[in-house]
Amino acid sequence: MSPDGSVGRACLAAALLVAQQVAAKATRDALFLSTYPVTALPLAAGLAAAVSLAGVLAFSRGMGRSSPPVMMRRVLVASGVLLAAEWPLAVAAPRIAAIVVYLHVGVFGATLVSGFWSVVNERFDPYTARHVVGRIGTGASLGGVLGGLLTWRAASVVGVPNMLLAMAALTIGCLVALGSMHRTMRPPAVPPAAAPVTAGLGHALRLIGRETYLRHLATLVGLCALTEAMLDYVLSAAVTTRLTRGAPLMSFFALYHTGVGILALGLQTALARRSLERLGLGGTLAVQPAAVGLACGLAAAVPGLWPSLVLRGTQGVLRNSLFRSAYELLYTPLAPERKRPTKALLDVGADRIGTIAGSAVTMLILWAYPARVTLALIVLVAGLAAAAVVLTRRLQKGYVRALAESLRAGTVHLDPVDVVDQTTRATLADADADPRRPAPAAGEPLPSDPGADMWPAAAAALRSRDPARIRPLLAGEAALAPELVSLVVPLLADDRLFTEAVTALRRVASRCTGQLVDVLLDPQRDPVVRRRVPRVLKAVPTQRAADGLLTALRDERFDVRYRSAQALLRLREQARSVLIPVPDGFAAAERELAQARSTPRGLDHVFALLSLSLPGEPLRVALRAWRTRDPSLRGTALEYLENVLPPAVWAGLWPWLGARPTATGRTLDEMRDDLLRSTASLVEARRSRRSAGGRAE
């Protein structure tokens, strides 16, 4: 199946799923409030949140045992069948059906959305996903609008109970659309290895309890859910006093969810990126609680339906637009081993706990102040909004600190093309600096600048070529004077002084990058010096150094090209703010395949160039797999390469590899997973050979 076809089907599935979610919320609220008094709403919301929390944990465990598409098919079928069964129950016993539907929406709502995005992540490789997620998100937003309009129109035509059948139809439609994404997939030719054991709930809870940043994230999600639960009661109480039960209630909630969807989509499109650029992460997060606090003042001063609608609508629109855009970026500093076990608990678990707490607080206020419950809730929401604003400032500081540490440690890598917010961009720039080298105070002379009367003597020593005189100069703690760099660079060719010369040049390389690049690109300079300059430049995480190394990939000498590619890979690993355009890596590999001959070192170089444009680990594993004697691994490696490489690059590469792949019908994800799983078997085989060799000796 072509990527475009899969994207179109994913957009359709997202639209149908979100349309079903909007219809479900409107039908749930109308059915419940038409059957029970509004004072019963907090108890139902808390019970649904508790059941939903258990359902999400069960779904997460199931995802660990089978693939997301399989789990989604099971959950969609279960939801559709239950909705169809709830329709006659709503006609015969509306009071029981109202509770069942409320619990159903609570359990399946978050589960279906989470499972859908897991399917998307599995279906598309990371490079493709980065470009298509926006289109799929737009399809979801349009589905929300269409679902609201459909529910509003159906309210006066089919009635509330019959909407359950419409929701079942939307669910089955989503099932068909998701299934069509995978209908051409065949089972993998290589039996999958046993899935690795994933960390359990206890490990995730320990991570959250140990790290302040994760606790702040959980607190923020809980505060939002707590606020939303209380505002739901405020709006529902105002609506039930103005509208009659049944179709009018469903029409109102359908129009409400439609309006929230349209406004959120418009705000997301027009202001989300601009807000992240100008206000930064913390400022964008604070917009929602600040606006809710102001709307609380209006609702407290002017009681009624419209102020309550503005208050709840403000919270919903901003949470689904600006807040959501900034919130997802808060996970940027987290390495995969910290993000994967904790994100579901933070996203869903903290949200459900907040909903339960909000329901409990609302019931307590109903018992203590039944006559002024709405005003008390509005005042409490205003206080929670102020606390959330304070928390966003702490999250901003924690985010910057955690991201800088992760970037410098190499546990998190970012592509600067994808960075849209001011906070992350500034952190990337700061992380480029060497943390071990403190900046000089204002007016303080640089410690690397010796006096003018000192460097002539140092120059004379460097010209002497006497290692005994040169080593003390190169081994000093202070950086070289810029005037001496031109005298140290030739020492790179001296094997006796090479290590000391590289170390000395790295200390001052950020101040003389242009000088080093000129030497690298000058064909008249000593070839030994030229091929060793990249070892200095790979410690300079700047765009200027990367541009020089990219230019060196066109050099006539293979050893210069080889060392420059290795240095670029190191730069990309330690400083993701350095931009290496994807087409440049492919173009360099294509040139290499055209002008060089196939050798083991040449093949290593080609794969290094390809790693500048594609994820490096699967490529490295593919090369190791191709070099084994295992026909299955070699076939998987060739098939993977044919699928990820541009046609021109693949046409030049496969003659070097000596064989064309045999198509198996596997998806790109399946091939990549097979390769990554093969790493363990390759390592084990290498150990076995070494052990056998040791016993033979």
Asker: Can you tell me if CG on L364 sees more than 12 non-hydrogen neighbours from other groups inside 6.0 Å?
Answerer: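 Yes - once you tally the heavy atoms of other residues, nucleotides and ligands closer than 6.0 Å, there are more than 12.
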Asker: With sequence neighbours excluded, tell me which residues meet side-chain contact (heavy atoms from CB on, under 4.5 Å) with A376.
Answerer: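 Per chain and number, A376 pairs via side-chain contact (heavy atoms from CB on, under 4.5 Å) with I365.
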Asker: Scan the side chains in residues 15-33 for donor-acceptor partners under 3.5 Å anywhere in the protein, sequence neighbours excluded, and list what turns up.
Answerer:
residue : atom : partner : partner atom : Å
Q20     : NE2  : T171    : OG1          : 3.2
T27     : OG1  : A23     : O            : 2.7

Asker: Drop me the distance from N320's CG to L263's CG, to the nearest 0.5 angstrom.
Answerer: 11.0 Å
Asker: What pairs with A225 under side-chain contact (heavy atoms from CB on, under 4.5 Å), at least two apart in sequence or on another chain?
Answerer: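 For A225, the residues satisfying side-chain contact (heavy atoms from CB on, under 4.5 Å) (neighbours in sequence not counted) are D351, T355.
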Asker: Report the residues that fulfil side-chain contact (heavy atoms from CB on, under 4.5 Å) with V302, sequence neighbours left out, ordered by chain and then residue number.
Answerer: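 side-chain contact (heavy atoms from CB on, under 4.5 Å) list for V302, sorted by chain: L298, P307.
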Asker: Restricting to salt bridge (charged side-chain N to carboxylate O under 4.0 Å, His left out), what partner residues turn up for E228, sequence neighbours left out?
Answerer: R312, R319
Asker: Which pairs with one or both residues in residues 43-53 pass salt bridge (Lys or Arg N to Asp or Glu O under 4.0 Å), sequence neighbours excluded?
Answerer: none
Asker: Can you list everything that forms a side chain to side chain donor-acceptor pair (under 3.5 Å) with H216? Sequence neighbours excluded, please.
Answerer: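 With sequence neighbours excluded, H216 shows a side chain to side chain donor-acceptor pair (under 3.5 Å) to no residue whatsoever.
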Asker: Under 3.5 Å, sequence neighbours excluded: what are the donor-acceptor pairs made by side chains of residues 46-58?
Answerer:
residue : atom : partner : partner atom : Å
S52     : OG   : G106    : O            : 2.9
S52     : OG   : R352    : NE           : 2.8

Asker: Please round to the nearest 0.5 Å and tell me the distance separating atom OH of Y256 and atom CG of L309.
Answerer: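 Between Y256 OH and L309 CG, I get 7.0 Å after rounding to 0.5 Å.
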Asker: Applying side chain to side chain donor-acceptor pair (under 3.5 Å), can you list everything that pairs with R215, at least two apart in sequence or on another chain?
Answerer: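 Testing R215 for side chain to side chain donor-acceptor pair (under 3.5 Å), a comparison that skips the adjacent residues, returns T212.
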Asker: Which residue pairs pass the side-chain hydrogen bond (donor to acceptor under 3.5 Å, both in side chains) test with at least one member in residues 31-42, sequence neighbours excluded?
Answerer: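 Pairs touching residues 31-42 that pass the test: none.
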Asker: In chain order, what residues pass the side-chain contact (heavy atoms from CB on, under 4.5 Å) check against P289, with sequence neighbours excluded?
Answerer: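 If we apply the side-chain contact (heavy atoms from CB on, under 4.5 Å) test to P289, skipping adjacent residues, the hits are A385, A388, V389.
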Asker: Do the side chain of T284 and the main chain of S275 share a donor and acceptor less than 3.5 angstrom apart?
Answerer: yes
Asker: Scan L322, V260, I262 and name whichever one has a side-chain contact (heavy atoms from CB on, under 4.5 Å) with V317.
Answerer: V260
Asker: Under the side-chain hydrogen bond (donor to acceptor under 3.5 Å, both in side chains) definition, can you give me all pairs with a residue in residues 379-392, not counting sequence neighbours?
Answerer: none
Asker: Would Y369 and L375 satisfy side chain to side chain contact (heavy atoms under 4.5 Å, CB included), going step by step from the backbone distance to the final call?
Answerer: CA-CA 10 Å; Y369 304 100; L375 180 60; over 6 Å; no
